[in-house]
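Any value given below was found using the heavy atoms of this structure, including those in side chains, with hydrogens, waters and symmetry copies removed. Naming convention: chains lettered A, B, ... in sequence-line order (proteins, then strands); numbering from 1 in each chain.
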Amino acid sequence: MISLTIDNQPVEVEAGATVLEAARKLRIDIPTLCHDSRLKPHGACRLCIVEIAGMPKPVTSCTTPATEKMVVTTQSAHLNRLRKTTVELLLSDHPNDCMICIGSGDCKLQELAYRFNLRGSRFRGKMRAHDRIDENPFVQRDQNKCVLCGLCVRVCEEIQGVGAIGYANRGFESKITPPFEKELSCEFCGQCIAVCPTGALSGKLWVGYPRQQGLEKTETTCSYCGCGCNLTLHTYGKSIAKVTSRQDNHNRGWLCVKGRFGYEFVTSNERLTTPLIRRQKGGSLEPASWEEALDLVASRLLDIKSKHGPDAVGGLASARCTNEEGYLFQKMFRAGIGTNNVDHCARY
Amino acid sequence: MAGLAAKFGSGAMTNSVAEISDNKALLVIGSNTTENHPIIGLRMKEAVRNGAQLIVADPRRIPLVKFATLWLRHMPGTDSVLLNALMHVIIREGWEDRTFIEKRTEGFDAFAEGLKQFTPEFAENITGVPADDIVSAARIYATAENAGIYYAMGITQHSFGTNNVHAVGNLAMVTGNLGKHGAGVNPLRGQNNVQGCCDVGCLPTDLPGYQKVADAKVREKFGKAWGRTLSSEPGLTASEMTEKMLAGTLKGLYIFGENPALSDPNMNHSIKAFENLDLLVVQDIFLTETAELADVVLPSASFAEKEGTFTNSERRVQRVRIALDPPGQAQSDLAIIKQVYRRIDPEGVSENATAESVFNELTALWPAMAGMSYERLETEGLQWPCPTDDHPGTPYLHRESFAREGGKALFTVVPHVLSKELPDEQYPFVLTTGRQLFHYHTGTMTRRSTGLDKISPAPYIELNPEDAASLGIEDTGLLTVTSRRGSIRLKARVSGIVPPRVVFIPFHYKEAAANRLTIDAMDPISKIMEAKVCAVRLEK
């Protein structure tokens with residue numbers, strides 16, 4: 001363990017921990033924009049700068065390893081001024097359109113502007129004018145809002161192992177793009193959208209729904225594969241507005257294309273909305289009341305049982321439905337009807 | 001599952017997903033993990049970044065191959081020969097874990113004897129994997145401090161799937177990669193609640209918690225809890241039900257949340273079986289291909305509209321919550337089953353039963369879940385076994401002993417067996433089926449998600465450039481694919497993903513359903529269908 005002092009408070013951390021991690025252990029608030037604890041430190045945004053005794057200039061705490069007896073200052077007028085200027089420089093080339101930005105309310109830059117009380121920027125000059133790139137069904141890219149934090153590039157490379165995007169050009173011309181600015185070769189996991197700190201990357205399916213106000217959040221579990229990722233469903237009225245996942249769970253907030261974007265089936269207009277009965281063999285399925293449908297199912301099952309014995313009926317349960325439903329279903333067959341003919345298709 | 005249960009006493013992932021990043025070596029066989037279990041795939045990539053050696057064994061050049069130290073491209077259906085050859089090398093070179101074998105296993109001598117014929121050269125002949133690569137793979141896996149095996153339907157969907165599972169289990173046992181962190185034998189579950197559905201007793205031979213119908217004491221326990229005398233007659237498996245429907249002895253079938261008319265191998269056969277029933281009840285969220293055949297269709301709620309729990313691949317029980325109202329008159333599956341049940345037997349389930357009360361009834365009957373409650377699952381899931389209220393759950397199984405009588409794991413001799421239908425002059429190609437990233441199963445959900453269907457809108461068959469050239473077919477050209485069961489027509493995707501003489505079709509598309517072609521041969525023990533190997537011919 002390594003002992004150091006941050007803002008006059010002693011703290012111990014594991015060898016290899018950064019100054020930022022040590023400070024967070026003390027719940028000291030250091031602003032960051034390009035940091036994500038699930039990715040390697042990057043040191044691009046310069047907001048996490050701190051003063052370390054013996055070092056001539058402020059350093060980025062996210063990339064500086066904590067060392068024994070280090071003395072760190074995270075809050076000072078000087079640091080505050082530097083951080084504020086950094087945010088102002090970012091705002092100098094940012095469309096000041098929070099009112100109509102899809103990222104509003106979930107934007108780190110907006111929060112930083114609020115924190116430093118910045119309505120605009122002192123710095124005036126050329127603004128970037130990238131085209132909107134929208135040639136895929138899921139990811140909406142608005143490059144003028146990009147702060148070049150690199151989170152999207154890093155998550156795609158480090159976590160997803162795909163490397164669909166990278167940096168091109170230098171300085172003011174820098175931008176995030178697929179290799180050679182060709183078509184995007186992407187798995188559409190949306191990890192990049194999840195880590196983007198601004199409105200530069202968002203979900204196309206989110207358009208047309210409120211951003212924050214009026215959305216209800218429900219914590220649940222994905223219904224696709226056996227990974228069992230945790231989902232947060234953001235619903236509005238009768239619809240799902242978007243799907244996200246919390247970082248503090250076993251899937252660490254990462255999702256795949258199906259979990260993040262494959263939810264439209266829930267509100268498909270092809271959903272079954274009423275029981276259907278085929279009143280005679282060869283006829284068509286016709287709408288019926290629950291009463292009629294349920295009575296028919298139970299009476300026919302009992303009828304077969306009384307004529308042919310309980311083993312003339314069977315049940316196929318679902319590997320897609322809940323434990324409770326599966327349990328009650330097999331109990332109904334075993335205790336209710338008296339047969340062990342209950343199975344499901346995916347039990348291997 | 002039957003295979004692992006026989007060897008270890010429990011048929012589930014022995015270890016947890018989070019441990020994957022700590023593996024020193026990984027063997028991924030018969031699992032296209034990054035497409036079918038993408039988030040588990042992320043952990044594998046992380047393990048590689050942490051310095052682990054990754055061995056991928058798959059006939060197809062799956063995306064994970066890009067991250068592999070070594071790729072073994074064996075022919076479909078030769079998995080157990082490959083695995084046996086790895087073990088042959090391990091024992092020949094003295095890389096086995098003697099202490100583990102002596103203390104924690106039984107049946108080693110007969111098993112080792114059975115491996116004698118499986119030399120790397122013998123295996124090269126059958127699998128197509130160079131003998132040197134077999135030796136390298138054996139070294140990587142056996143000499144790693146801790147190594148995990150991950151497999152899915154590529155191992156199990158064979159007429160000798162149980163044999164394959166035995167081979168996988170043997171490999172972990174011979175190297176002592178069980179009962180410790182970052183190792184184990186890990187079947188990856190293809191659907192959100194396969195594990196849970198097995199756990200709660202939706203199995204013809206097992207009551208909840210794998211308590212056997214055949215055991216009189218078990219029947220007495222459940223009979224007492226449920227207030228009814230239970231049948232000792234073992235139930236029919238899904239595939240046996242199909243046969244009994246055709247024979248006319250199974251007359252009524254109630255299906256919920258499944259679409260076997262499209263997902264069953266040799267689906268023409270299954271459809272005939274359904275049509276032969278007196279009563280078919282289908283409960284689903286869409287009018288699926290199976291529902292279209294039903295006498296009664298009951299509209300149910302999707303996952304976003306109901307309450308309950310799912311158990312994921314690593315035995316983690318997690319909450320599912322209501323975010324939306326179901327459309328129209330649709331109701332949750334629990335509510336529907338409850339109402340049917342109450343009409344059959346009003347004493348079977350209370351009118352006021354809720355998901356939580358049913359969960360509590362279940363946990364009271366299975367010690368491994370006895371320590372779980374909705375309250376404990378409020379913010380985080382728990383992995384079974386979790387026997388008491390203060391138990392933290394179990395990340396990995398078999399730490400001290402195996403759940404078999406005597407506490408030891410059982411070695412099994414795995415003979416050399418062949419797939420039921422091998423290519424011949426008339427049907428010269430091997431067809432293997434599976435999923436792809438952008439769709440799920442029969443496409444009921446994903447094909448109604450506009451973006452997903454836009455990216456992957458149409459069925460296709462992957463074939464090797466060499467075969468494409470000899471057939472005179474170009475990429476996106478149309479091909480007719482015929483097996484002894486049926487025929488479909490779809491676009492060719494010419495690609496090195498498949499080796500020569502092997503073709504692949506994803507089974508999501510009803511307009512060219514792969515399961516019109518597949519064979520309904522099945523494993524004699526688990527009764528799983530052989531979806532991974534059958535013979536087909538291709539015509540322009």
Side-chain angles (χ1 to χ4, degrees), chain A residues 137-138 161 218 220-221 223-229 233 235 251 256 261-262 264-266 268 271-278 293-294 297-298 300-301 304 312-330 332 335-336 338 340-348, chain B residues 38-39 45 156 189 191-192 194 196-198 200-202 204 213 226 228 235-238 241 251-258 279 281 295 297 299 302-304 308-310 312-313 318 320-321 323 327-329 333-334 337 339 341 343-345 348 355 358 362 445 448-449 451 454 526 528:
Chain A
F138 300 118
T218 308
T220 191
T221 307
S223 73
Y224 281 106
C225 77
C227 292
C229 297
L233 303 183
T235 50
N251 53 293
C256 74
F261 299 123
E264 288 165 283
F265 75 90
V266 171
S268 160
R271 283 285 301 273
L272 289 169
T273 55
T274 171
L276 304 170
I277 290 177
R278 196 183 310 275
L294 294 167
V297 171
R300 295 282 303 276
L301 287 173
I304 294 173
V313 294
L316 285 179
S318 174
R320 318 300 319 284
C321 292
T322 65
N323 288 325
E324 293 76 1
E325 289 157 354
Y327 171 82
L328 196 62
F329 188 74
Q330 61 85 36
M332 174 172 78
N340 287 307
N341 288 344
V342 56
D343 198 6
H344 66 280
C345 80
R347 64 204 174 77
Y348 311 102
Chain B
I39 303 306
K45 295 174 191 172
T156 52
R189 302 304 203 170
Q191 302 179 46
N192 57 327
V194 178
C197 199
C198 296
V200 302
C202 292
V213 168
W226 293 342
R228 291 288 176 272
L236 300 170
T237 63
M241 285 185 204
K251 296 186 177 297
L253 186 68
Y254 185 163
I255 306 178
F256 80 106
E258 275 197 8
L279 173 70
V281 181
D295 299 293
V297 178
S302 78
F303 85 108
T309 54
F310 292 154
N312 79 354
S313 206
Q318 307 188 99
V320 177
R321 294 186 178 85
Q329 298 176 42
D333 293 278
L334 192 77
I337 296 164
Q339 293 169 82
Y341 195 172
R343 279 166 168 79
I344 288 170
D345 178 3
V358 173
L362 162 68
M445 287 154 56
R448 285 182 175 88
S449 289
K454 202 167 161 187
S526 74
I528 194 170

Who wins among [options] for the most heavy-atom pairs under 4.5 Å with chain B?
options	answer
A:G161, A:C225, A:G315	A:C225
A:A293, A:G326, A:P275, A:A298	A:P275
A:L276, A:V313, A:T218	A:L276

Problem - Under 4.5 Å from a heavy atom of chain B, the part of A:L328 involved - result: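 Both backbone and side chain.
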Exercise for the section: Answer with side chain, backbone, both or neither: which region of A:L233 has an atom nearer than 4.5 Å to a non-hydrogen atom of chain B? Expected result: side chain
Portion of [X] that has a non-hydrogen atom of chain A nearer than 4.5 angstrom:
X	value
B:K251	both
B:R343	both
B:M241	side chain

Give the minimum heavy-atom separation between [X] and [Y], together with the two atoms involved.
X	Y	answer
A:R320	B:G257	CG-O, 3.6 Å
A:A317	B:F256	CA-CE2, 3.5 Å
A:V266	B:S302	CG1-OG, 3.7 Å
B:V320	A:T220	CA-OG1, 3.3 Å
A:D343	B:L236	CB-O, 4.1 Å

Exercise for the section: Please check if any side-chain donor atom of B:Q318 sits under 3.5 Å from a side-chain acceptor atom of B:T309, or the reverse. Expected result: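 On atom types as modelled, these side chains do not qualify, holding no pair under 3.5 Å.
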Practice task
Tell me whether the centres of the aromatic rings in A:F329 and B:Y254 are closer together than 6.0 Å.
Solution key: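 Between B:Y254 and A:F329, which both carry aromatic rings, the centre distance is below 6.0 Å.
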Between [options], which residue shows the highest count of heavy-atom pairs closer than 4.5 Å to chain A?
options	result
B:P327, B:G328, B:S313	B:P327
B:N312, B:V281, B:L362	B:N312
B:D345, B:V213, B:I337	B:I337

Practice task
Describe, in one word, how the ring planes of A:Y327 and B:W226 are oriented to each other, choosing from parallel (under 30°), tilted (30 to 60°) and perpendicular (over 60°).
Solution key: perpendicular
